[in-house]
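What follows is one structure encoded as structure tokens, with my remarks underneath.
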Amino acid sequence: MAMTDVEQELTSRYHSALRQIVEACHRADRDPVEVSLLPVSKNHPASMVAHLMELGPRQFGENRVQEMAGKAAELGSGPSWVLIGHLQRNKVAQACSVMSELQSLDSIRLAQALERHLGTVGRCLPVLVEVNTSGEATKSGVDPDQVMDFTAQLRACPHLEVQGLMTVAHPDPQAADQGFARLHDLRDRLRDRDGAQWQRLSMGMTHDFASAIAHGSTCVRLGTAIFGPRAIPAMR
Ligand SMILES: *Cc1c(COP(=O)(O)O)cnc(C)c1O
């Protein structure tokens, strides 16, 4: 079966992204198996997700519950879904019925709402704590100075499997660099305090993933690099 232009473009963007991740790992003297790629499919149709699945990926990032649930309904049990955008407490039940992981835990009240719901349905959810490393008021995430306290409070939430930290960096490359370094440092402090459960660092997007990898990222979240430009600017 011949590939359409859209599929061909997707294929070449995907392979080029993988290549660039490997190159960034080599430059940083890291083993590429330490860095996973989370394709971010927001603002792209479910058909693109289906095409990308033919190339291997099974897990996809979305930043809105409604859109994630829509694609999940369209595509059935094949893909799994990672929520990377702000989650409102009134959407916890709907989100939990779809997502396999939450990378954007950003408040104690959200943690409590998740804990209550997960306790009721009897399952655990892998989560990353989102940290606002950029200082921009428009971005969500826990203040870096609050992270040690915030994460200590999560001990009261046994249904949250807390695995690491996530950030959306400042658009300025130098500020982003500092943000990545800060996140890495926080992760190390958490490890010193709590141990190996703090493994993961989700940082790096299309424009800054090489720098994030140099600073120890274990998961880069790529939208544009893989799916191309978004028709409608995505909401955060
Ligand atoms: C949209 C989005 C991404 C991907 O952004 P690109 O710049 O297109 O790679 C990654 N993380 C989050 C939280 C996002 O909202």
Side-chain angles (χ1 to χ4, degrees), residues 9-10 12-21 23-24 35-46 48-49 51-52 57 59-71 79-88 91 95 98-107 110 126-142 144 163-173 175-177 179-180 182-183 200-236:
E9 257 180 62
L10 185 68
S12 84
R13 271 194 301 256
Y14 174 65
H15 286 130
S16 151
L18 288 180
R19 224 169 17 245
Q20 291 176 58
I21 290 169
E23 284 164 11
V35 182
S36 63
L37 164 61
L38 180 67
V40 175
S41 49
K42 70 181 182 204
N43 285 44
H44 293 282
M48 295 290 273
V49 173
H51 289 320
L52 193 60
Q59 223 181 16
F60 297 88
E62 286 285 341
N63 71 336
R64 295 168 65 209
V65 175
Q66 211 65 37
E67 190 174 339
M68 174 176 74
K71 284 174 206 172
S80 63
W81 301 95
V82 177
L83 190 64
I84 59 176
H86 177 66
L87 173 58
Q88 289 170 300
K91 294 198 175 142
V98 179
M99 66 184 167
S100 63
E101 173 180 310
L102 174 69
Q103 291 201 352
S104 44
L105 179 62
D106 57 7
S107 80
L110 174 60
V127 301
L128 304 183
V129 173
E130 181 173 358
V131 181
N132 184 343
T133 55
S134 75
E136 294 167 288
T138 50
K139 287 192 179 140
S140 45
V142 178
Q163 301 182 340
L165 304 174
M166 178 273 235
T167 198
V168 176
H170 196 283
D172 172 70
D177 234 38
F180 294 147
R182 184 93 198 261
L183 203 71
R200 299 178 57 200
L201 276 179
S202 174
M203 53 188 201
M205 299 164 44
T206 293
H207 294 292
D208 56 21
F209 69 90
S211 156
I213 287 172
H215 285 288
S217 173
T218 66
C219 172
V220 293
R221 310 178 308 269
L222 302 187
T224 314
I226 291 177
F227 292 104
R230 289 182 282 274
I232 319 151
M235 296 189 348
R236 290 225 172 104

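When a ligand or atom number is given, it counts from 1 through the structure's own listing order. Worth saying up front: this structure is predicted, and the values here are computed from it rather than measured.
None of V49, L52, L37, I226 except one satisfies the side-chain contact (heavy atoms from CB on, under 4.5 Å) rule with P57; the exception is L52.
Residue-ligand proximity, G223 to ligand 1, at heavy-atom distances under 4.0 Å covers atoms 4 (C), 6 (P), 8 (O), 9 (O). Taking every heavy atom of V168 and a limit of under 4.0 angstrom, the matching atoms of ligand 1 come to 13 (C). Residue contact check: K42 has heavy atoms under 4.0 Å from atoms 1 (C), 2 (C), 3 (C), 14 (C), 15 (O) of ligand 1.
The pair E9-R13 meets the salt-bridge criterion, with a side-chain N (NZ, NE, NH1 or NH2) lying under 4.0 Å from an Asp/Glu carboxylate O.
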Below 3.5 Å, can you tabulate the donor-acceptor pairs from side chains in residues 208-215 to any protein atom, sequence neighbours excluded?
residue, atom, partner, partner atom, Å
D208, OD1, M205, N, 2.5
S211, OG, D177, OD1, 2.5

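With sequence neighbours excluded, the residues forming a ring-ring contact (aromatic ring centres under 6.0 Å, His included) with H44 are F227, listed by chain and number.
Side chains of W81 and K71 form a contact here, defined as non-hydrogen atoms less than 4.5 Å apart.
Contacts with ligand 1 closer than 4.0 Å are made by no heavy atom of Q103, backbone or side chain. No part of H207 comes within 4.0 Å of ligand 1, judged by heavy-atom distances.
Atom 7 (O) of ligand 1 has its nearest heavy-atom neighbour, among I226, T206, L222, in T206.
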